[in-house]
Number of protein chains: 2
Amino acid sequence: MAQIKKEAVRKAILESARRHFMQRGYSRTTLAQIAKGAKVTISNIYNYFNSKLEIIYALYEPWLLERLEKLERELPPLATPRQKLRQVILAVLRDIPTDQNGFANNVLQAISTRDADEAYSRDLLLKSEALVSAILARILPGDRLWLIEDDRFSHLLFMAFDGFAVNYKLNGPSRRVEAIADLMCDLVLGPAPDLTGVPVGAEIEGIT
Amino acid sequence: MAQIKKEAVRKAILESARRHFMQRGYSRTTLAQIAKGAKVTISNIYNYFNSKLEIIYALYEPWLLERLEKLERELPPLATPRQKLRQVILAVLRDIPTDQNGFANNVLQAISTRDADEAYSRDLLLKSEALVSAILARILPGDRLWLIEDDRFSHLLFMAFDGFAVNYKLNGPSRRVEAIADLMCDLVLGPAPDLTGVPVGAEIEGIT
DNA sequence: GCTCAATAACGAATTATATTCACTTTTGGG
DNA sequence: CCCAAAAGTGAATATAATTCGTTATTGAGC
């Protein structure tokens, strides 16, 4: 054959892109900046990726899946179904949208401005919803399992995920997301037990 | 004084912009197209608006408020609180995101790509949430009014609104949005009455 | 009506970037 | 040790938003 594309170069491009997207967002990051950061010429980037859009897709999938795996690791220490459900909701509506200085928003930037003829696969969305449904299946009591049929509840969460991602960039961290998580827990599991008289902090998730 | 900005010119610019945004989306609509459609030069547009972003803002607010007023007009004919709640949810998650070929998505395009130094006011979001809360206050039974405290439930709806707006452009009409509305109705008002044996159609909202 | 200054309207730059292209350099298999 | 395929390059190209210097219009005061 001949020269082989170097994994190191690809990595360098992705790393530089990630840094810049995080700092300045997708739209305002130029290929010139990415190239400079990766010590590569702009045109050589096109030997590795067909477009700027493809670069962010390459970053997005592993990032999101990693975050969902992290969520799974966080759950076992939590004592009650309520704490676990709350954590799942907060992961999707708060922790992931704010991760990496709002990285999720970059994907929305990219997707919403893409040309109609550029392919877009919703596989990742479907996969993520299924993953969250599987997590919920292990948390919810039997009489609440109808919620996750057809990934309905997960779909709702991921639709709201978009909104929280956009709003994080506009207004900073949401002041109401925890209240919304509690509200959803109440709706799904019934009202929280009255904690009056219970030592402060006992209802907080995490190490007891 | 001297020449006065003509309302007709401003209107023409907005109308042309609306048409083009609807057809091709915000990013792919050029000022050249808007100018041509409005029979105005590109540079004259800048006598009326400071930027492309300002044009879509000028279209967005009246459009959204009009849609929310339309929602209010749709409610009185509906018989039950459940039908009304369902209609509110469907308005925010389905009807408004799909209106005008996904006009809402244009605003997301504009907002998500705006420069950080461009002012953005969340007043409209807050106003809309308050409006929907007020509507819900008239629908929900007293023991469910805690849901709308601090506009929590409305906020959740409007966060999901963003997701549905984005996804409408990517995948067309959601196949699950009605199921999600039913799910939310069930969570908020308790399970739907069993309609087995009831004449078909009796549970559908609208004229009885 | 007439004047004139404010400003609407204009066309031609300017700027900023993603993408393409023709060319040069490198390198792995025979 | 070739050499062709592919990596890598710098210079166009294309597309658009925005700015700028100039011209044309017009409403208020006379």
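Residue numbers begin at 1 in each chain, while the letters A, B, ... track the order of the sequences.
Across the protein-nucleic acid pair, B:E7 atom CD and C:dA8 atom C1' stand 15 Å apart, rounded to whole Å. As a whole-Å value, the separation of B:K5 NZ from D:dG27 P is 15 Å. When the P atom of D:dA17 is taken as reference, atom CD of B:E54 falls 15 Å away, rounded to whole Å. The OH atom of B:Y48 sits 10 Å away from the C1' atom of C:dT7 (whole-angstrom rounding). As rounded to whole Å, 14 Å separates atom P of D:dG10 from atom NZ of A:K36.
With sequence neighbours left out, the side-chain hydrogen bond (donor to acceptor under 3.5 Å, both in side chains) criterion links A:D186 to A:R82. For A:E15, the salt bridge (charged side-chain N to carboxylate O under 4.0 Å, His left out) criterion is met by A:R18, not counting sequence neighbours. In this view, B:E54 and B:N50 satisfy the side-chain hydrogen bond (donor to acceptor under 3.5 Å, both in side chains) rule, not counting sequence neighbours.
Residue pairs meeting the salt bridge (charged side-chain N to carboxylate O under 4.0 Å, His left out) criterion with at least one member in residues 35-46 of chain A, sequence neighbours excluded, do not occur.
In the interface, the side chain of B:Q3 is not paired with the base of D:dT26 through any donor and acceptor atom under 3.5 Å apart.
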In a table with atom names and distances, give each donor-acceptor pair under 3.5 Å that connects a side chain of residues 172-184 of chain B to protein atoms at least two apart or in another chain.
from, atom 1, to, atom 2, distance (Å)
B:S174, OG, B:R176, N, 3.1
B:S174, OG, B:V177, N, 3.2
B:R176, NH1, A:E129, OE1, 3.2
B:R176, NH1, A:D150, O, 3.0
B:R176, NH2, A:E129, OE1, 3.1
B:R176, NH2, A:H155, ND1, 3.3
B:E178, OE2, B:R94, NH1, 2.8
B:D182, OD1, B:R86, NE, 2.8

| message | Would B:N167 and A:D162 count as a side-chain contact (heavy atoms from CB on, under 4.5 Å) here? Give the steps. | response | CA-CA 10 Å; B:N167 266 56; A:D162 289 351; 4.1 Å; yes
| message | Generate the contact string for nucleotides 10-20 of chain C. Rules: B means base contact, S means sugar-phosphate contact only, - means no protein heavy atom under 4.0 Å. | response | BB-----SSBB
